[in-house]
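Letters go in sequence order (proteins before strands), and every chain restarts at 1.
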Amino acid sequence: MDDIVIEDLTKSYTSGWPGRPPYTALGGLSLTVRRGEIFGFLGPNGAGKTTTLKILLGLVRATSGAAFLLDRPAGDVGTRRRIGFLPESPYFYDYLTAEEFLSFYGQLAGLGRTVIAQRVADLLSLVDLVDARTRQLRKFSKGMLQRIGLAQALIHDPDLVILDEPMTGLDPVGRKQVRDLILSLRDRGKTIFFSTHILHDVEMICDRVGIVIKGRLLASGRIDELVRQDHTQSVEIVCQQIRAEGNAFLHSLATRVLQQGQQCLLILPTPDAVDAVVGEIRRQGGRLLSVTPHKASLEDLFFQEAAPGAFHAESHRHTGRAS
Amino acid sequence: MGAIGVIALNAFRESLRDKILYNLVLFAGLLIGLSVLLADLTITEHHKLIADMGLAAINFIGVIIAIFIGISLVNKEIERRTIYTIMARPISRTFFILGKYFGLVLTLFVNLSIMLAVFLVTLWLYHIPIGLSLLQAVQLIFVEILVVTAIALFFSTFSSTTLSAILTLGVYVIGHLTADVRSMAAKGESGTVKAVVDVFYYLFPNLETLNIKGQAAVGVLVAPEYLMLASLYGVVYAGVLLAGACAVFQQRDF
């Protein structure tokens with residue numbers, strides 16, 4: 001069961017001047033988000049993440065393509081009862097107190113007075129803002145605003161939560177709180193779709209990720225699948241009592257040779273040459289200290305995809321891998 | 001409470017918290033100060049002058065607030081990006097526009113009521129008779145404010161705050177001149193000028209229709225039919241502008 005289905009979505013903005021070509025923010029983006037999963041929508045600034053989210057919420061109209069949320073077309077007013085949204089660097093009515101603010105969003109969601117009172121109390125506690133409940137938002141710090149923003153996204157207990165850069169502006173404690181909150185939502189069966197350019201957050205909590213570059217999805221799937229499929233692991237070998245500088249054989253197999261006193265570090269591009277290198281070290285009378293396979297990270301994948309020229313070279317690869 | 005009511009009350013609360021009603025202090029000071037000055041300076045007719053000045057001040061302050069809050073009603077939401085979380089709720093864009101409009105109208109109504117109370121107290125203090133004509137004038141001032149708010153809101157759905165202010169002020173000024181210009185053009189011989197003036201006359205709101213301050217200050221009543229028709233004209237004109245604002249807003253990307 002998919003909660004978000006995006007099919008060949010495009011969005012172009014006209015320049016407003018005759019003769020100037022339109023700017024394409026999205027160029028045929030397709031992806032799906034399954035019910036009950038945490039999906040990380042990863043991409044550099046300007047990749048089209050926010051535009052995609054805005055189309056899903058009906059804030060922006062797509063030029064072509066289609067998007068569905070909870071089996072209804074994107075922008076459907078009634079479906080929004082089941083969707084929670086936190087925009088990037090949120091700005092709110094800063095003349096409201098935290099309680100008034102959450103109560104206002106509860107009313108907009110059509111909740112009754114009793115339910116609102118209970119939800120407001122629960123959420124203020126959840127985002128650790130009970131002490132600030134009667135303070136106006138104009139006196140909130142950036143981190144507090146982010147947290148109260150999350151609370152407003154959850155006031156009506158939505159099935160699908162869409163978050164645009166939810167970790168931005170938070171200190172390490174705040175980031176952990178948000179991560180824990182997202183995980184607890186998933187545990188309660190909610191679907192979470194969040195955009196970010198912070199890889200660490202994605203690696204820690206996402207069930208699946210999609211990498212978007214220049215308005216197109218270049219890869220999507222489980223992180224371990226993406227990393228394993230795309231990257232040959234390198235291997236680091238540390239040894240002692242061997243002079244590697246003059247050894248042409250080792251230099252031919254290793255991409256990098258670092259000699260520091262008695263200790264030598266060899267980096268091999270693939271695991272294939274490990275046996276040959278270990279054999280050579282022993283032959284030379286050296287002592288093997290460690291052999292460490294270097295697992296490619298999402299960061300490696302991300303930088304490879306985001307590298308100049310990667311867009312055209314890699315775009316076809318997505319076809320068979322999108323899910 | 002429906003979505004329109006929730007948004008309207010929040011807009012009203014915003015104007016209270018932003019201390020919009022502080023203008024009332026200015027109004028009261030202005031009115032009382034002028035009254036004292038005029039009472040001292042003029043030998044006769046100071047009754048008429050005080051009534052005239054009071055109505056003019058109510059009208060001026062009401063229109064200024066309508067324009068300068070009206071033009072930022074929608075733009076501010078978009079520029080400050082507060083609209084993202086509102087539009088992500090189960091609320092149609094039409095309801096949002098109507099909620100913002102009625103929120104400002106509520107603010108203006110409260111504002112106008114308090115100004116009227118201050119005005120009446122001033123008249124009472126100076127032993128000036130309070131006639132029904134003054135209330136008729138205030139009623140049409142309120143209708144004019146409804147129209148001006150709708151004009152400002154309409155422009156703010158598709159243009160910047162500055163441009164909206166210029167356009168709204170322009171329409172306001174034209175709205176007060178079209179009737180005079182039309183009667184002048186009728187005396188001329190150019191058919192083209194008459195045709196152009198006619199287009200302006202019917203396209204722009206005829207705000208002079210809603211201006212009965214002069215006769216109200218001297219206690220001359222207008223016919224109830226006139227009052228009703230003029231009010232209806234203003235409300236319908238504001239309604240058409242609101243429909244236009246909703247239609248434009250429906251097409252906007254944020």
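By the 6.0 Å contact criterion, OH on Y233(B) is enclosed, its count of non-hydrogen atoms from other residues, nucleotides or ligands being greater than 12. Atom CZ of F158(B) has more than 12 heavy atoms from other residues, nucleotides or ligands within 6.0 Å. Counting heavy atoms of neighbouring residues, nucleotides and ligands inside a 6.0 Å radius, atom CZ of F12(B) exceeds 12 of them.
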Step by step, would you call Y84(B) with L57(A) a side chain to side chain contact (heavy atoms under 4.5 Å, CB included)? CA-CA 9 Å; Y84(B) 292 175; L57(A) 290 154; over 6 Å; no
L108(A) and I7(B): side chain to side chain contact (heavy atoms under 4.5 Å, CB included), yes or no, with the steps? CA-CA 8 Å; L108(A) 288 181; I7(B) 290 172; 3.9 Å; yes
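Using a 4.5 Å cut-off between heavy atoms, Q136(A) contacts chain B through its side chain alone, with no backbone atom that close. Contacts between R252(B) and chain A at a heavy-atom distance below 4.5 Å involve the backbone alone (N, CA, C, O). For a residue to count as touching a neighbouring chain, one of its non-hydrogen atoms must lie under 4.5 Å from one of that chain's; by this rule Y13(A) touches chain B with the side chain only. Of the two parts of I155(A), only the side chain, counted from C-beta on, holds a non-hydrogen atom closer than 4.5 Å to a non-hydrogen atom of chain B.
To the nearest 0.5 angstrom, F85(A) atom CZ is 8.0 Å from T85(B) atom OG1.
Interface remark: of the candidates I83(A), L59(A), I162(A), L59(A) forms the most heavy-atom pairs closer than 4.5 Å to chain B.
Here the side chains of N10(B) and L96(A) are in contact, with some heavy-atom distance below 4.5 Å. Residues R61(A) and D253(B) meet the side-chain proximity criterion, which asks for heavy atoms closer than 4.5 Å. With contacts defined as side-chain heavy-atom distances shorter than 4.5 Å, the pair Y93(A)/E77(B) qualifies. Contact annotation: the side chain of I86(B) approaches that of F104(A) to within less than 4.5 Å [non-hydrogen atoms, C-beta and beyond].
Taking both residues in full, the closest heavy atoms of G58(A) and R93(B) are given as O-NH2, 2.8 Å, listed atom of the first, atom of the second, then distance. Looking at every heavy atom in both residues, R80(A) comes nearest to I91(B) through NH1-O, 3.3 Å. Listed here is the closest heavy atom pair of Y91(A) and R81(B): CE1-NH2, 3.1 Å.
Taking the charged nitrogens against the carboxylate oxygens, D18(B) and R138(A) do have a contact shorter than 4.0 Å, which makes a salt bridge.
Judged purely by distance below 3.5 Å, without hydrogens or angles, the side chains of Q107(A) and R89(B) never pair a donor atom with an acceptor atom.
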